[in-house]
Amino acid sequence: MKKAISLLLALALSLGLTIPALADQSTTTLNTAYKDLDPRTEIYAVTQTPGPDYPYYGAKNEPNGGVYYGRTCQGGTLPDGRYGLINQSHMDGESAVSFYYELNDTYSLEYWSYLYGPAIQSGDRAFLLYLNFSEEAASCSKVTNGTYDSKLYEMFSYLNTLSCPVLVRIGGEMNVWGNAVKPADFIAAYRHVVDIARSQAPRAAMVFSPNFSSPHRVDMDTFYPGDQYVDWIGVSLYYNRWSNNGDTQRDEFYGVGAYGDALLNVQQVVNMSRMHKKPLIVTEGGSANKFQGTENSAWAADRMARAYAFLPMVYPEIKCIISSDYGEDWSNTYYTFYNNPTVAAAYRQAVSSNPTYTHSLHDTGSYYTKLSAYSGKWEGTMELAAYSWASDKLSATWSVDGQVMATAADYPYSFRLDTAALSAGSHTVAVTFSNGAAKSYTFQITAPAILADNNAQVDGWAKSQVNEAISSGLVAGGLGEDYRVNITRAQFAATTVKLYEAMSGEKAAPAAENPFTDTSDPVILQAAELGFVYGITGDTFAPGRLVTREQAAAMLSRVYTKLGGEIPQVTATSFADDSGISGYAKSSVAFMAEKGIVSGKGENRFDPSGSASVQEALSIALRMYKSLK
């Protein structure tokens with residue numbers, strides 16, 4: 001790492017760059033020329049709730065889930081001969097749109113609403129306005145001295161009337177202006193605009209948005225106007241095959257060629273987003289499908305598909321992506337893609353394969369959660385995707401426990417894992433890319449819950465018996481939702497009342513008095529008045545204490561005698577641990593064991609002081625109901 005830093009420092013010095021001492025060292029000019037080529041190989045799960053790796057900053061108009069996406073408005077001649085929004089029909093399903101407005105435009109922003117208005121009138125899209133400083137550095141001084149105040153007040157007052165979320169990019173791409181601006185001058189102008197905006201359009205979000213890199217070799221962070229003036233951080237994010245200036249020696253610096261990748265070129269501004277804790281918007285960008293007359297659609301389509309498939313996955317700080325859908329045939333770089341079938345198809349496919357994108361402001365998208373941060377259950381069909389940076393497109397082979405399950409040849413290298421096909425226990429899912437990069441995670445599959453007819457959880461052996469107890473009217477209320485836990489004295493008392501009512505065909509009458517000081521449960525009082533239960537002392541019942549096996553046998557025998565049955569009296573049972581059975585319970589245990597209603601627990605032991613689960617208690621009650629009714 002030290003060697004890499006030294007090399008970068010040498011590069012910076014050879015280019016005549018200065019290295020400012022800023023708090024955010026990740027966005028210095030040293031690192032502007034640097035692309036972190038760590039492949040960041042990772043597996044992600046699609047989740048419906050955010051994982052701990054998802055950032056939400058609470059900024060104005062920031063979605064807490066889902067990513068807005070859309071394109072720039074493109075004006076042109078409509079089929080009927082009018083001038084209007086020619087790419088509107090291609091905006092279907094998109095949740096954001098943008099429009100360029102020049103600070104020195106002689107027309108008001110409202111005048112141009114015949115262009116962008118059709119795209120926002122439904123209220124289903126966020127609106128990004130580019131407030132361009134037409135004269136660049138010269139505009140900054142005019143803004144600060146109030147030259148444009150009247151226009152700004154008018155513009156923001158109008159924006160405040162719009163019902164959709166509004167974001168305003170102020171003086172975008174200040175780090176690439178031909179008429180270069182001093183950071184202090186830009187900051188003063190930006191703040192002046194924000195002060196007016198906050199007074200006239202308080203719901204609008206203010207966006208600070210540099211270009212992803214600068215030919216002036218200036219640090220984007222030096223232009224930052226301060227957290228109190230910024231709601232979102234933006235970036236112009238282009239990822240082209242060739243450099244506009246013809247320089248072919250520094251592709252890494254310009255972010256073109258092998259480095260013409262949105263996932264690389266966004267790195268510095270992501271660092272800014274994290275440092276300042278602001279959501280990130282790609283305010284414009286794309287990959288030119290025509291360059292100086294050279295057709296480049298296939299390459300541009302692949303890079304655009306890669307960007308839309310992976311940007312919100314790898315960098316969840318990104319909450320909105322706007323692509324440039326404008327250009328002229330005569331221009332050196334042509335970004336218009338609504339009329340380019342190759343690029344448009346790649347764009348639509350990438351958007352449809354990424355569940356984080358929202359197709360309306362009223363939608364909530366899904367989330368990508370790293371498996372290293374995933375804490376949810378592994379159940380049903382898990383939607384997985386994988387990322388690993390490489391200059392060329394890869395393929396990804398998915399395996400589970402070493403067995404190849406699928407190969408994905410397209411972004412985002414997705415895989416549907418059917419956990420129902422896996423046994424309970426530990427498993428490993430792995431992805432191996434065609435360049436050798438790999439990632440794996442071990443996870444646990446738990447057996448699916450077994451539910452009785454009343455949706456209480458039971459063990460497999462008990463399901464049919466509990467269901468029969470339910471249909472026989474033996475299941476009291478208050479037994480909880482998990483019958484695998486041990487039953488309390490209160491719950492077993494309620495079970496004896498239900499058993500008595502089912503066997504006698506009569507409803508138990510309300511109790512006339514309460515002999516206990518620690519409960520007023522009417523069912524316990526019924527059981528006590530019927531003679532099924534006694535207190536553990538003269539006036540305490542201990543309703544929350546677990547019932548013991550000998551107590552349960554005695555309670556059941558009292559139900560039987562209440563119904564007219566007789567229990568032979570014995571002084572000993574046949575169990576090996578007979579000496580541990582209380583005298584009052586020996587006859588009950590012996591009788592119930594003889595009738596097959598209760599049984600020992602191995603090695604001919606009864607375990608008289610042991611507990612019983614709710615499902616065991618219901619099984620015993622059912623056997624008594626069927627055998628002694």
Side-chain angles (χ1 to χ4, degrees), residues 69-77 85-94 96-100 119 128 130 172-173 176 211-213 215 235-248 251 254-266 282-312 318 320-354 357 389-394 409-412:
Y69 78 103
R71 67 185 74 205
T72 53
C73 289
Q74 168 75 304
T77 303
L85 184 60
I86 61 174
N87 59 349
Q88 181 182 358
S89 63
H90 301 273
M91 296 178 180
D92 290 347
E94 297 178 352
V97 69
S98 64
F99 181 75
Y100 290 92
L128 170 66
Y130 308 107
E173 302 180 349
V176 297
N211 194 62
F212 74 92
S213 69
V235 63
S236 293
L237 184 62
Y238 290 92
Y239 31 99
N240 285 317
R241 193 171 186 177
W242 299 286
S243 172
N244 282 332
N245 62 13
D247 186 343
T248 60
D251 285 359
Y254 293 112
V256 298
Y259 302 97
D261 189 322
L263 278 295
L264 297 180
N265 293 341
V266 79
V282 176
T283 54
E284 61 178 82
S287 186
N289 54 70
K290 187 184 295 184
F291 181 79
Q292 296 182 351
T294 300
E295 171 62 29
N296 190 46
S297 293
W299 195 92
D302 175 74
R303 294 303 163 120
M304 194 169 198
R306 184 186 301 196
Y308 274 87
F310 293 122
L311 278 174
I318 297 174
C320 183
I321 302 176
I322 301 288
S323 278
S324 299
D325 194 18
Y326 66 88
E328 303 296 340
D329 289 330
W330 49 263
S331 63
N332 285 339
T333 53
Y334 191 74
Y335 294 102
T336 303
F337 66 93
Y338 79 89
N339 58 358
N340 185 307
T342 302
V343 179
Y347 166 77
R348 287 297 179 190
Q349 174 60 32
V351 166
S352 65
S353 68
N354 187 325
Y357 292 114
W389 184 83
S391 59
D392 298 316
K393 194 171 190 177
L394 305 173
D410 204 0
Y411 312 129

Scanning both residues in full, the closest heavy-atom pair of V97 with I322 reads N-CD1, 4.2 Å
field: Flag, side chain of N265 to backbone of F212, donor-acceptor distance under 3.5 Å
entry: no
Heavy-atom closest pair (Y238 atom, S324 atom, distance to 0.1 Å) is OH-OG, 2.9 Å
Answer with yes or no whether the side chains of Y411 and D302 bring together a donor and an acceptor at under 3.5 Å.
yes
* **Y100 and Y326 aromatic ring geometry - parallel, tilted or perpendicular at 30°/60° bounds** => perpendicular
Only residue of T333, N296, N289 satisfying side chain to side chain donor-acceptor pair (under 3.5 Å) with R241 is N296
All heavy atoms of V343 vs all of A300, minimum pair found to be CG2-CB, 4.3 Å
- Query: Are Y308 and S323 close enough that a side-chain donor and a side-chain acceptor fall under 3.5 Å?
  - Reply: yes
Please check: side-chain N/O of R71 versus main-chain N/O of N87, any donor-acceptor pairing under 3.5 Å?
no
* **Contact check, side chains of N240 and F291, non-hydrogen atoms, under 4.5 Å** => no
_Measuring only between side-chain heavy atoms, which start at C-beta, is V256 closer than 4.5 Å to W242?_
no
Rounded to the nearest 0.5 Å, the CD atom of Q74 sits from the CE atom of M91 at a distance of 9.5 Å
d(D325 CG, Y347 OH) to nearest 0.5 Å is 8.5 Å
Heavy atoms of Y239 and A307 approach each other most closely as OH-CB, 3.6 Å
Closest non-hydrogen atoms of K393 and A409, given as atom of the first, atom of the second and distance, are CE-O, 3.5 Å
The reported gap from CG in L128 to OG1 in T72 (rounded to nearest 0.5 angstrom) is 10.0 Å
Can N340 and Y335 be counted as having a side-chain donor-acceptor contact under 3.5 angstrom? no
Practice task
Please check if the side chain of T283 supplies one atom and the backbone of V235 the other of a donor-acceptor pair under 3.5 Å.
Solution key: yes
Minimal heavy-atom distance between L85 and C73, with the atoms involved, is CD1-CB, 3.6 Å
Quick check: do L263 and L311 have side-chain heavy atoms less than 4.5 Å from each other?
yes
Interatomic distance, CZ@F337 vs OG@S297, rounded to 0.5 Å, equals 12.5 Å
